[in-house]
Novice: 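Sharing a structure, written as structure tokens. Questions coming.
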There are 2 protein chains.
Amino acid sequence: MANQLRLSIDRSSPVPLYHQVVQGIEAAIHTGLLEPGSRLENEIDLAAQLNLSRPTMRKAMDELVRSGLLVRKRGVGTQVVSSQVRRPLELSSLYDDLTNNGSKPTTEVLTFAHIEADPATREALHLAAGAKVYHFTRLRKVGGKPLALMENWVRDDITHIDEDLLKTQGLYGILRSGGVNFRLATQRIGAMVANDYQAPLLETEPGSALVTMERTAVDDTGRNVETGHHVYRGDSYSFEMTLVQR
Amino acid sequence: MANQLRLSIDRSSPVPLYHQVVQGIEAAIHTGLLEPGSRLENEIDLAAQLNLSRPTMRKAMDELVRSGLLVRKRGVGTQVVSSQVRRPLELSSLYDDLTNNGSKPTTEVLTFAHIEADPATREALHLAAGAKVYHFTRLRKVGGKPLALMENWVRDDITHIDEDLLKTQGLYGILRSGGVNFRLATQRIGAMVANDYQAPLLETEPGSALVTMERTAVDDTGRNVETGHHVYRGDSYSFEMTLVQR
DNA sequence: CATGTCCGTTTGTTAGGACATACTCCGATT
DNA sequence: AATCGGAGTATGTCCTAACAAACGGACATG
């Protein structure tokens with residue numbers, strides 16, 4: 001076929017071969033070298049061309065199928081779905097999203113305390129009675145405009161947290177520096193109208209629409225590290241995501 | 001170890017072996033046989049106990065790791081994360097969610113038309129000028145209480161759709177019957193306040209909070225099949241999801 | 001002409017083996 | 001006593017090999 005996937009595989013690289021293939025094909029799709037709808041050569045030929053075994057080639061394609069870039073059909077072949085697919089939903093923080101996006105968010109710490117966890121927090125973080133947590137509320141602005149009002153509860157047996165740290169870094173960045181490897185989070189997104197406390201902080205009117213998000217994050221040791229309740233201005237924030245059928 | 005995963009593998013079943021293992025371990029976790037935080041035996045021993053090869057065992061565990069039920073650490077072992085993890089976000093429709101949940105949703109069709117696509121719809125569905133689409137608005141109730149107001153645009157070259165069909169089936173069910181295999185969807189979730197049109201239909205007050213959802217769904221041939229704009233009562237609906245770090 | 005059957009192609013599943021790499025722990029060395 | 005290094009263990013990566021199942025088109029048959 002015309003599909004000349006001129007990828008180069010570097011066997012001396014520490015990057016696994018299958019991942020080099022993933023990156024190569026992703027790049028080919030995003031640069032338009034592989035057009036949406038076009039068919040790839042079959043797994044065996046592709047593997048042969050790159051001097052890889054079929055399982056390795058297949059593992060690479062598995063990832064691309066899972067992320068929604070490719071579609072396979074038995075007896076037919078493998079197609080490129082679309083070049084405009086975003087990564088499926090991953091665990092990231094608002095701060096990460098904004099900085100990746102080129103914006104420069106600023107953070108005001110409204111309250112900060114190191115207190116005994118209330119029962120609801122103990123439940124969410126699986127803590128024993130009497131355990132202490134960091135509790136703080138922050139206001140995040142982008143370009144001087146308030147965007148989010150965030151209230152969080154964090155275990156205190158991970159790393160030290162203080163007000164100054166929160167002003168300059170995102171919470172997830174702090175926790176990652178403290179050795180936390182996030183694995184998963186459950187979150188719930190809904191809506192509410194701004195009350196008299198939220199409205200002035202977000203520089204909007206009471207009664208305007210807010211997006212709410214509650215999240216609890218778990219690290220790779222199974223600890224529930226953090227739980228939070230955030231509200232975002234409905235006129236300037238929404239959650240965008242790609243769902244993939246398994 | 002004490003971990004007696006007494007799974008039984010049926011080699012004559014059409015269900016792939018690795019998937020039988022996935023189901024078995026999922027069941028063991030949900031029934032509490034495998035407790036959160038407990039360590040599994042190593043891959044090789046588990047494979048030997050079930051008379052499977054290591055790659056097969058590993059493929060099963062791969063899926064469980066991806067779905068967030070297990071955590072692996074090189075040189076250490078594999079642990080159960082938590083029993084209360086939901087499936088990561090999958091492509092499903094509101095109707096599916098409600099019926100799976102045991103509720104009995106009813107649907108009122110407010111408007112129904114087979115019209116030429118407007119430019120925004122053509123853009124969303126990648127249609128040529130002059131192409132026609134089904135356009136309809138529906139009101140979904142559960143237990144007599146309105147929950148969602150849904151407006152959709154659907155390609156007309158897939159399957160015939162009419163008002164009666166929409167009253168008795170979910171849109172995704174209709175499309176699946178028409179041979180559509182959904183692959184992915186991009187969606188955006190936000191918030192707004194109810195206007196004078198929406199409020200009476202949803203039996204709420206103008207100014208109350210609504211969750212908004214815009215979605216475009218793509219099938220396995222790369223066609224953008226459907227796009228829609230839905231609003232949900234904020235006091236009775238929210239999107240819950242599990243994010244997995246890759 | 002319509003319909004059913006066979007066959008080649010391509011992905012799906014499974015096996016078994018080999019070596020690499022990261023983590024933990026314990027013993028040896030400084 | 002503290003620290004460094006190596007053994008043991010577990011997962012991570014990669015390979016060869018084989019058969020199963022689904023799809024689509026060509027072909028044969030009624």
Side-chain angles (χ1 to χ4, degrees), chain A residues 1 3 7 9-25 38-66 69-81 179 181 183 219-222 246, chain B residues 1 3 5 7 9-25 38-66 69-81 179 181 183 219-221 246:
Chain A
M1 292 291 109
N3 262 322
L7 306 180
I9 300 296
D10 177 4
R11 294 187 95 85
S12 67
S13 160
V15 178
L17 302 183
Y18 71 87
H19 199 252
Q20 292 184 38
V21 176
V22 168
Q23 294 173 325
I25 296 182
S38 63
R39 269 223 333 281
L40 296 184
E41 291 183 71
N42 72 58
E43 297 171 350
I44 297 177
D45 288 351
L46 281 177
Q49 284 174 31
L50 298 175
N51 278 312
L52 297 172
S53 71
R54 188 183 162 210
T56 301
M57 193 66 213
R58 223 180 128 67
K59 175 153 189 177
M61 296 176 89
D62 270 346
E63 286 210 11
L64 292 162
V65 168
R66 261 190 284 126
L69 282 171
L70 297 182
V71 165
R72 283 196 283 219
K73 274 194 200 170
R74 194 190 297 202
V76 180
T78 306
Q79 274 190 315
V80 178
V81 173
N181 297 306
R183 263 310 115 112
D219 79 353
D220 60 359
T221 64
R246 311 210 315 156
Chain B
M1 293 291 109
N3 262 321
L5 257 188
L7 306 178
I9 300 296
D10 176 6
R11 285 185 171 271
S12 66
S13 160
V15 178
L17 302 182
Y18 72 87
H19 199 251
Q20 292 184 37
V21 176
V22 169
Q23 293 174 325
I25 297 182
S38 64
R39 270 222 332 281
L40 296 183
E41 291 182 70
N42 71 56
E43 297 171 349
I44 296 177
D45 288 352
L46 281 177
Q49 285 173 30
L50 298 174
N51 278 310
L52 298 172
S53 70
R54 185 181 166 214
T56 301
M57 192 67 212
R58 219 178 132 69
K59 175 153 190 176
M61 296 176 89
D62 271 345
E63 286 211 11
L64 292 162
V65 168
R66 260 191 285 125
L69 282 171
L70 298 182
V71 166
R72 283 196 282 220
K73 273 194 202 170
R74 194 191 296 202
V76 181
T78 305
Q79 274 190 315
V80 178
V81 173
N181 297 306
R183 265 310 115 111
D219 78 353
D220 60 0
T221 64
R246 310 208 320 155

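Treat the numbers as computed from the prediction; the structure is a model and nothing was measured. Lettering follows sequence order; numbering is per chain, from 1.
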Novice: Write down the distance between CE (M57(A)) and C1' (dT16(D)), rounded to a whole number of angstrom.
Specialist: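 Distance, rounded to whole Å: 17 Å.
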Novice: So does K73(B) get a side-chain nitrogen or oxygen closer than 4.0 Å to the phosphate oxygens (OP1/OP2) of dA22(C)?
Specialist: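 For K73(B), the contact criterion (side-chain N or O under 4.0 Å from OP1 or OP2 of dA22(C)) is not met.
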Novice: Working note: M57(A) + D45(A), criterion side chain to side chain contact (heavy atoms under 4.5 Å, CB included); need CA distance, chi angles, decisive distance, verdict.
Specialist: CA-CA 10 Å; M57(A) 193 66 213; D45(A) 288 351; over 6 Å; no
Novice: Please compare G75(A) and P55(A) by the position of their nearest nucleotide in DNA chain C and report the one closer to 5'.
Specialist: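 Result: G75(A).
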Novice: Quick one: CD1 on I25(A) to CD on Q23(A), what's the gap to the nearest 0.5 Å?
Specialist: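 Output value for this atom pair is 11.0 Å.
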Novice: Return no unless some side-chain N or O of R72(A) is found under 4.0 Å from OP1 or OP2 of dT10(C).
Specialist: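 Answer no for this pair, as no side-chain N or O of R72(A) is under 4.0 Å from OP1 or OP2.
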Novice: Check whether any side-chain nitrogen or oxygen of T56(A) sits under 4.0 Å from OP1 or OP2 of dT13(D), and answer yes or no.
Specialist: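 No, because none of the side-chain N or O atoms of T56(A) sits under 4.0 Å from OP1 or OP2 of dT13(D).
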Novice: In whole angstroms, how far is the C1' atom of dT11(C) from the CG atom of L40(A)?
Specialist: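 Spelled out: CG on L40(A) to C1' on dT11(C) is 13 Å.
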Novice: Examine the base of dG12(D) for any acceptor or donor lying under 3.5 Å from a partner atom in the side chain of R54(B), and report the outcome as yes or no.
Specialist: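 Yes.
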Novice: Grab the CD-C1' distance between E43(B) and dA15(C) for me, whole Å please.
Specialist: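 Answer to the nearest Å: 15 Å.
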Novice: When the distance from CG of L70(B) to P of dG12(D) is rounded to whole Å, what number comes out?
Specialist: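 Nearest whole value for this atom pair: 11 Å.
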Novice: Out of V81(A), L70(A), L40(A), V80(A), which residue meets the side chain to side chain contact (heavy atoms under 4.5 Å, CB included) rule with L64(A)?
Specialist: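 Going through the options one by one, the only one that passes is L70(A).
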Novice: Check step by step if side chain to side chain contact (heavy atoms under 4.5 Å, CB included) holds for I9(A) and L17(A).
Specialist: CA-CA 7 Å; I9(A) 300 296; L17(A) 302 183; 3.7 Å; yes
Novice: Between dT14(C) and Y18(B), is there an OP1 or OP2 to side-chain N/O distance shorter than 4.0 Å?
Specialist: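 Answer no for this pair, as no side-chain N or O of Y18(B) is under 4.0 Å from OP1 or OP2.
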Novice: From the list dA15(C), dC14(D), dG24(D), which nucleotide is the closest neighbour of the side chain of V76(A)?
Specialist: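 Per side-chain heavy atoms of V76(A), the pick is dG24(D).
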Novice: Nearest whole Å is fine: how far is dC19(C) P from I44(B) CD1?
Specialist: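 Distance, rounded to whole Å: 14 Å.
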Novice: Does the E63(A) side chain pair with the main chain of H19(A), one donor and one acceptor, at a distance under 3.5 Å?
Specialist: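 Pair absent, no side-chain N/O of E63(A) close to backbone of H19(A).
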Novice: Heavy atoms from C-beta onward define the side chain here; which of dG12(D), dA15(C), dT16(D) lies closest to that of R74(B)?
Specialist: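 In terms of side-chain proximity for R74(B), the closest of dG12(D), dA15(C), dT16(D) is dG12(D).
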Novice: When you check the phosphate oxygens OP1 and OP2 of dA10(D), does a side-chain N or O of T78(B) lie under 4.0 Å from one of them?
Specialist: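 No, because none of the side-chain N or O atoms of T78(B) sits under 4.0 Å from OP1 or OP2 of dA10(D).
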Novice: Without decimals, in angstroms, what is the distance between L64(A) CG and dT11(C) C1'?
Specialist: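 Going from CG in L64(A) over to C1' in dT11(C) covers 16 Å.
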Novice: Identify which nucleotide among dT11(D), dT14(C), dG12(C) has an atom closest to any side-chain atom of N42(B), counting heavy atoms from C-beta outward.
Specialist: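 Nearest to the side-chain atoms of N42(B), counting from C-beta on, is dT11(D).
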Novice: Can you tell me if R58(B) touches the phosphate of dA10(D), counting only side-chain N or O atoms and a distance under 4.0 Å to OP1 or OP2?
Specialist: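 For dA10(D), neither OP1 nor OP2 has a side-chain N or O of R58(B) closer than 4.0 Å.
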